[in-house]
Amino acid sequence: MTKTSTSTNIVNSLNTQLVEKVADEADQQNELFYNSIKSKLDELVKNPSDEIINRILAYSKKK
């Protein structure tokens with residue numbers, strides 16, 4: 001009797017390639033998102049609003 005099956009090496013190789021492709025696409029999406037908000041984040045770091053400063057000062061006085 002003859003037994004046939006798919007080589008597990010082929011299946012593992014395809015799974016690895018798929019995982020790598022999905023990870024690469026996720027990295028690209030994350031980079032695009034970060035680049036789209038980077039200037040706004042930089043602005044927040046450099047120029048916090050007076051309201052934010054007042055909140056920080058009020059919080060620090062509570063302790």
Side-chain angles (χ1 to χ4, degrees):
M1 179 152 70
T2 305
K3 184 176 182 180
T4 60
S5 64
T6 304
S7 169
T8 56
N9 290 337
I10 293 172
V11 173
N12 289 339
S13 175
L14 292 174
N15 285 340
T16 302
Q17 290 172 355
L18 180 60
V19 168
E20 288 174 356
K21 182 178 179 183
V22 170
D24 287 343
E25 290 174 3
D27 287 343
Q28 289 174 354
Q29 289 177 351
N30 288 339
E31 188 172 343
L32 287 172
F33 175 71
Y34 174 74
N35 287 334
S36 71
I37 65 169
K38 183 178 178 182
S39 62
K40 294 174 185 165
L41 292 174
D42 289 342
E43 185 178 314
L44 286 174
V45 170
K46 295 176 185 173
N47 300 315
S49 69
D50 289 338
E51 179 185 355
I52 298 299
I53 292 171
N54 289 333
R55 285 183 184 179
I56 293 169
L57 291 173
Y59 180 81
S60 68
K61 289 177 184 176
K62 289 180 183 178
K63 296 240 170 191

Can you tell me how far [atom2] of [Y] sits from [atom1] of [X], rounded to the nearest 0.5 angstrom?
{"X": "Glu51", "Y": "Ile56", "atom1": "CD", "atom2": "CD1", "answer": "11.0 Å"}
{"X": "Ile52", "Y": "Arg55", "atom1": "CD1", "atom2": "CZ", "answer": "5.0 Å"}
{"X": "Ile37", "Y": "Leu32", "atom1": "CD1", "atom2": "CG", "answer": "12.0 Å"}

Around atom CD of Glu31, are there more than 12 heavy atoms from other residues, nucleotides or ligands closer than 6.0 Å?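 No.
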Decide whether Phe33 and Leu41 are clustered together by the hydrophobic rule: side chain heavy atoms of Ile, Leu, Val, Met, Phe, Trp, Tyr closer than 4.5 Å, transitively. yes
